[in-house]
**Student:** 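Okay, handing you the structure first.
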Amino acid sequence: MLSKKETKLLNLIKYTPVLIIGFLCIIITFLLYIEKNSILKKDLQILQIEYIEKNKEIIKNEVDKIYTYISYKKANSEKELKVSIKNRVDEAHRLVNAIYEKYKDKETKEQIIVRIKETLRELRFNDNRGYYYIYNMQGYNILHPLQPQLENQLIINYKDSANKKIIQNTINQLKNIKEGFNELYWQKPEDLNHQYKKITFNKVFEPYNWYIGTGEYINDFENKIKDEILSYINSIKYSTNGYFIVVDEQGVYLSHIKKEYIGVNRINLTDSNGIMITKEILNQAKNGSGYVKYIGTIKPQAKLPSEKISYVRGFDDWKWAIATGFYTDELANQIIEKEKEIKDKYTKNLIKLFVISILITIFFLFISFYISNKLHKRFQKYKYQLLAEIEKHKQKDSLLTQQSKMAAMGEMLENVAHQWRQPLNSISLMSTGVKVQYEYGVIEKEELIKSMDSITNTTKYLSQTIDDFRDYFNPQKEASHFNLRYIINKALTLLETQLKNKNINVIKNLDDITIFSFENEFLQVIINIINNSKDEFEKKEIKNRYIFIDIRKEENVIKVLIKDNAGGIDSKIINKVFEAHFTTKGKSQGTGIGLYMSKEIIEKHMNGKISVVNEDLFIEGITYKGALFEIDLFMEESIENF
């Protein structure tokens, strides 16, 4: 059976010729219509000219009104900005003065300063861009919420990107007038690596010889003004189909009656006549103003394309093109009567055309059905071949999974041997001791009971060890809820003996998080990564050996971080460690599928992502280099945080 997409493709092959013929018929009909109505066209030209000239004047006046409104708003934007930031500083100044007056006789100066700083530090405004800062009149920074490292630092000679000593200039200004505005360049909260033009207002706080200030980035405030203007323009409608569009110099529509067009780059928008609509509008705007004629995409009333004449005027300061227009088909009601006069003349020609079109359509239908049947057979053949290849890949993945499990089994059996050796030795010693005491007749009842209890407890420990390792090899494939912290601890229990023998310390920071997924597969991933770190320690002489394991949730992502101080991974091979059969241990010691299968499990079965980077660690005064494996599990409805 073919899929729906394949069936649609065959139908497209069948019926496209029919659509082409139909389209050709429409074109030919249109040509005949033009030929038979040449006289009518001359009569309509006068009516059309009068209609068009009248509406051109209307749309020009409407665009000029919008242009005047935008010019006024922009001219007053800096004044509004200054009023806004001055009000903010006045509020902060009153707040600081209130704190000072309340506590000046109750607390030390240092305590009051701490109280003021903590009060202003978290205050934000202007969509979280605005914040307060404090400097003293000697040029020391007292408060800077975004760059606390500047606090208590002398930065009087700090220069912005315009090479202005902004702190020194501000202090010189405030010595005379106590408050005032400045223009400077400073980092934005969301981008501390670049400087942007900013207007600030500063006011002296005389009790501590400080000045308090804030500011706003000119382009951010201007963007706010732009949003207000565009919102207003989008709300304006006039006549039946009148609306405005605003386009930026890149071809992005900032205003349009269809909201889905707003924010969309339509620079390559072309009408049915091949006119590049957006480019024509922008060209007229660059020239100052002018008219553009094209086929509009959608007429609001009819919801269909229609011929349109638009007046465009450019707003150079923001590189905007402002336009509105009218649809020329409004003339239709005025010419219906004249069109009726010629309908009878070309009806006969249309009938002949339709007969020819039907014959040609039948012929193409026959051809298209023949071709589609051939393709149908080919599609089926290729589909069967593709399914066979997919099945081969599934078998290959299954084999790799089994190889990974068998490789882990050898290491687990070695762990079992290490875990059992000490308890078995204890049982042997206790049983021998009891036997010797019995032969010499010196054993007491209490000593015998104590020895038997100890043997019983030791055998229980051995039984529990069997259960732990049996759970690991359980071929569970059904998803279930399980706790990540429990799985990490379970993995460490299985590897406990080998980690102790290698003097490896495990530092854990595990949040209590439960997810719905495949428990044993995730356990296998953790064991693979820890074994990888253990093997690296064996290669190197490192006195203090550490593995750090963290589990935490950040927004909609659960992060599992496993890092060590074993020296890291060679930069030449770090991008290959997740590839199948890639190993640095040699063919006799490693299969190279442990980390490959870990990636397969996390990214294909658990809706996650796994990666590795080298990272420097600072431990007990010593800098180490190690590998950091990061597992990101993306939150869905099936993942819960308890």
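This one's a predicted model, so the numbers in the text were calculated from it and none came from an experiment.
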**Student:** Flag the pair Val247 / Leu254 as yes when at least one side-chain heavy-atom distance between them is below 4.5 Å, and no otherwise.
**Tutor:**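 Heavy-atom side-chain distance check fails, nothing below 4.5 Å.
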**Student:** For Met606 and Ile601, what are the C-alpha separation, side-chain angles and deciding distance, and is it a side-chain contact (heavy atoms from CB on, under 4.5 Å)?
**Tutor:** CA-CA 6 Å; Met606 299 187 68; Ile601 289 170; 4.0 Å; yes
**Student:** So, are Glu538 and Lys502 salt-bridged, with charged N and O less than 4.0 Å apart?
**Tutor:**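 Between Lys502 and Glu538 there is a salt bridge, with a charged N closer than 4.0 Å to a carboxylate O.
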**Student:** Do Val264 and Val252 have side chains that approach each other closer than 4.5 Å (heavy atoms only, starting at C-beta)?
**Tutor:**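 No, too far: nothing below the 4.5 Å cut-off.
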**Student:** I would like to know whether Thr119 and Ile116 meet side-chain contact (heavy atoms from CB on, under 4.5 Å); could you show each step before the answer?
**Tutor:** CA-CA 5 Å; Thr119 300; Ile116 291 172; 5.7 Å; no
**Student:** Output yes when Arg485 and Asp512 qualify as a salt bridge under the 4.0 Å nitrogen-oxygen rule, no when they do not.
**Tutor:**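 Result for this pair is yes, salt bridge flagged.
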**Student:** Heavy atoms, side chains only, cut-off 4.5 Å: are Thr278 and Asn268 in contact?
**Tutor:**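 They are not in contact (no side-chain heavy atoms under 4.5 Å apart), so the answer is no.
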**Student:** Taking side chain as C-beta onward, heavy atoms only, is Phe634 less than 4.5 Å from Asn556?
**Tutor:**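 In short, these two side chains do not touch, never coming nearer than 4.5 Å.
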**Student:** Rounded to the nearest 0.5 Å, what separation is found between the CG atom of Leu150 and the OH atom of Tyr135?
**Tutor:**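 Answer for the CG-OH pair, Leu150 versus Tyr135, is 6.0 Å.
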**Student:** Answer yes or no: is there a donor N or O on one side and an acceptor on the other, between the side chain of Thr214 and the main chain of Tyr131, under 3.5 Å?
**Tutor:**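 Looks like yes, one N/O pair under 3.5 Å.
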**Student:** Quick one: sort the Phe125 and Tyr132 rings into parallel, tilted or perpendicular, breaks at 30° and 60°.
**Tutor:**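 Plane angle between 30° and 60°, so tilted.
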**Student:** Quick test of your reading of the model: are Lys576 and Glu579 salt-bridged, counting only N-O distances below 4.0 Å?
**Tutor:**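 Glu579 and Lys576: not salt-bridged.
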**Student:** Once side-chain hydrogen bond (donor to acceptor under 3.5 Å, both in side chains) is applied, do any residues pair with Gln250, and if so which ones, sequence neighbours excluded?
**Tutor:**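 For Gln250, no residue satisfies side-chain hydrogen bond (donor to acceptor under 3.5 Å, both in side chains) once neighbours in sequence are set aside.
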**Student:** Quick check for you: to the nearest 0.5 Å, what is the distance between Tyr486 atom OH and Asn483 atom CG?
**Tutor:**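 Answer for the OH-CG pair, Tyr486 versus Asn483, is 9.5 Å.
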**Student:** Mind listing the closest non-hydrogen atom pair of Phe578 and Leu595 along with its distance?
**Tutor:**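 Nearest heavy atoms, Phe578 then Leu595: CD2-O, 3.4 Å.
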**Student:** Can you measure from CG (Asn489) to CD1 (Ile526) and round to the nearest 0.5 angstrom?
**Tutor:**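 Those atoms lie 11.0 Å apart.
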**Student:** From Phe518 CZ over to Ser480 OG, what is the distance, rounded to the nearest 0.5 angstrom?
**Tutor:**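 Answer for the CZ-OG pair, Phe518 versus Ser480, is 9.0 Å.
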**Student:** Under the 3.5 angstrom rule, does the side chain of Lys508 hit a backbone N or O of Phe548 as a donor-acceptor pair?
**Tutor:**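 No.
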**Student:** Under 4.0 Å between a Lys/Arg side-chain N and an Asp/Glu carboxylate O for Arg552 and Glu554?
**Tutor:**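 Yes.
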**Student:** Within a radius of less than 6.0 Å around OH of Tyr158, do more than 12 heavy atoms belonging to other residues, nucleotides or ligands occur?
**Tutor:**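 Buried by this count: over 12 neighbours within 6.0 Å.
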**Student:** With side-chain contact (heavy atoms from CB on, under 4.5 Å) as the criterion, how do Leu184 and Thr200 come out once you've worked through the C-alpha distance, each side chain's angles and the decisive distance to 0.1 Å?
**Tutor:** CA-CA 8 Å; Leu184 51 89; Thr200 65; 3.8 Å; yes
**Student:** Ignoring hydrogens and geometry beyond distance, is a side-chain donor-acceptor pair present between Asp616 and Thr623 at under 3.5 Å?
**Tutor:**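 There is no such pair (donor and acceptor under 3.5 Å, judged by atom type) between the side chains of Asp616 and Thr623.
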**Student:** Between Asp564 (side chain only) and Ala566 (backbone N and O only), is there a donor and an acceptor less than 3.5 Å apart?
**Tutor:**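 Checking the backbone N and O of Ala566 against the side chain of Asp564, a donor-acceptor pair under 3.5 Å is found.
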**Student:** Side chains of Leu523 and Val525, heavy atoms from C-beta outward: is any pair under 4.5 Å?
**Tutor:**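 No, every pair of side-chain atoms sits at 4.5 Å or beyond.
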**Student:** Hey, could you give me the CD1/OG distance between Ile631 and Ser598, rounded to the nearest 0.5 Å?
**Tutor:**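 Interatomic distance, Ile631 CD1 to Ser598 OG, rounded to 0.5 Å: 7.5 Å.
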**Student:** Ring of Tyr261, cation from Arg266 - is the NZ or CZ under 6.0 Å from the centre and inside 45° of the axis?
**Tutor:**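 Yes; both conditions hold, so Arg266 lies above the ring face of Tyr261.
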**Student:** Among side-chain atoms of Glu521 and His605, is any donor-acceptor pair under 3.5 angstrom?
**Tutor:**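 Yes.
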**Student:** Checking Asn565 side chain against Tyr546 main chain: does a donor-acceptor pair fall under 3.5 Å?
**Tutor:**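 Between the backbone of Tyr546 and the side chain of Asn565 there is a qualifying donor-acceptor contact (under 3.5 Å).
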**Student:** Verify, without hydrogens or angle tests, whether Asp570 (side chain) and Ile573 (backbone) share a donor-acceptor contact under 3.5 angstrom.
**Tutor:**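 No: the side chain of Asp570 does not pair with the backbone of Ile573.
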**Student:** Over all heavy atoms of both residues, which pair between Asp511 and Lys553 is shortest? Give the atoms and the distance, please.
**Tutor:**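 Scanning both residues, the minimum pair turns out to be OD2-N, 4.1 Å.
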**Student:** Counting N and O atoms only, with roles assigned by atom type, does the side chain of Glu603 sit under 3.5 Å from a partner on the main chain of Lys609, one being a donor and the other an acceptor?
**Tutor:**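 Absent.
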**Student:** For a 4.5 angstrom cut-off between non-hydrogen side-chain atoms, does Ile549 reach Asn509?
**Tutor:**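 They are not in contact (no side-chain heavy atoms under 4.5 Å apart), so the answer is no.
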**Student:** Do the charged groups of Glu151 and Lys117 touch, with an N to O distance under 4.0 Å?
**Tutor:**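 Yes, Glu151 and Lys117 are salt-bridged.
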**Student:** Do Asn126 and Glu216 have side chains that get closer than 4.5 Å, going by heavy atoms?
**Tutor:**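 Side chain of Asn126 against side chain of Glu216, heavy atoms only: contact under 4.5 Å found.
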**Student:** At their closest point, which heavy atom of Leu143 faces which heavy atom of Leu120, and how far apart are they?
**Tutor:**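 For Leu143 and Leu120, the tightest heavy-atom pair comes out as CD2-CB, 3.7 Å.
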**Student:** Where do Ser161 and Gln195 come nearest, in terms of heavy atoms and distance?
**Tutor:**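 Answer, listing the atom of Ser161 first, then Gln195: N-OE1, 2.6 Å.
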**Student:** Asn234 and Lys259: side-chain donor and acceptor closer than 3.5 Å?
**Tutor:**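 No, Lys259 and Asn234 have no side-chain donor paired with an acceptor closer than 3.5 Å.
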**Student:** Would Val612 and Leu628 count as a side-chain contact (heavy atoms from CB on, under 4.5 Å) if you check the C-alpha gap in whole Å, the side-chain angles of each, and the deciding distance to 0.1 Å?
**Tutor:** CA-CA 5 Å; Val612 63; Leu628 167 61; 5.9 Å; no
**Student:** Fit a plane to each ring of Phe482 and Phe522, take the angle between them on a 0 to 90° scale, and name the class: parallel (under 30°), tilted (30 to 60°) or perpendicular (over 60°).
**Tutor:**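 Tilted.
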**Student:** Going by an N to O cut-off under 4.0 Å, is there a salt bridge joining Glu620 and Lys543?
**Tutor:**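 Here Glu620 does not pair with Lys543 in a salt bridge, since their nearest N and O are not under 4.0 Å apart.
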**Student:** Would Glu222 and Trp318 count as having a side-chain donor-acceptor pair, cut-off 3.5 Å?
**Tutor:**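 Result is yes, a qualifying pair exists.
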**Student:** Quick one: does Ile547's side chain get under 4.5 Å of Ile504's, heavy atoms only?
**Tutor:**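 Ile547 vs Ile504: side chains touch.
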**Student:** Provide the closest heavy-atom pair for Gly568 versus Asn614 in the form atom of the first, atom of the second, distance.
**Tutor:**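 In terms of heavy atoms, the two residues are closest at CA-OD1, 3.3 Å.
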**Student:** Roughly how far, to the nearest 0.5 Å, is the CG atom of Leu484 from the CD1 atom of Ile551?
**Tutor:**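 Those atoms lie 5.0 Å apart.
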**Student:** Got a salt bridge between Asp632 and Lys559, using NZ or NE/NH1/NH2 to carboxylate O under 4.0 Å?
**Tutor:**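 Answer for the salt bridge query: yes.
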**Student:** Could you report the tightest heavy-atom contact between Leu230 and Ser255, atom names first, then the distance?
**Tutor:**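 Reported closest heavy-atom pair: CD2-CB, 4.2 Å.
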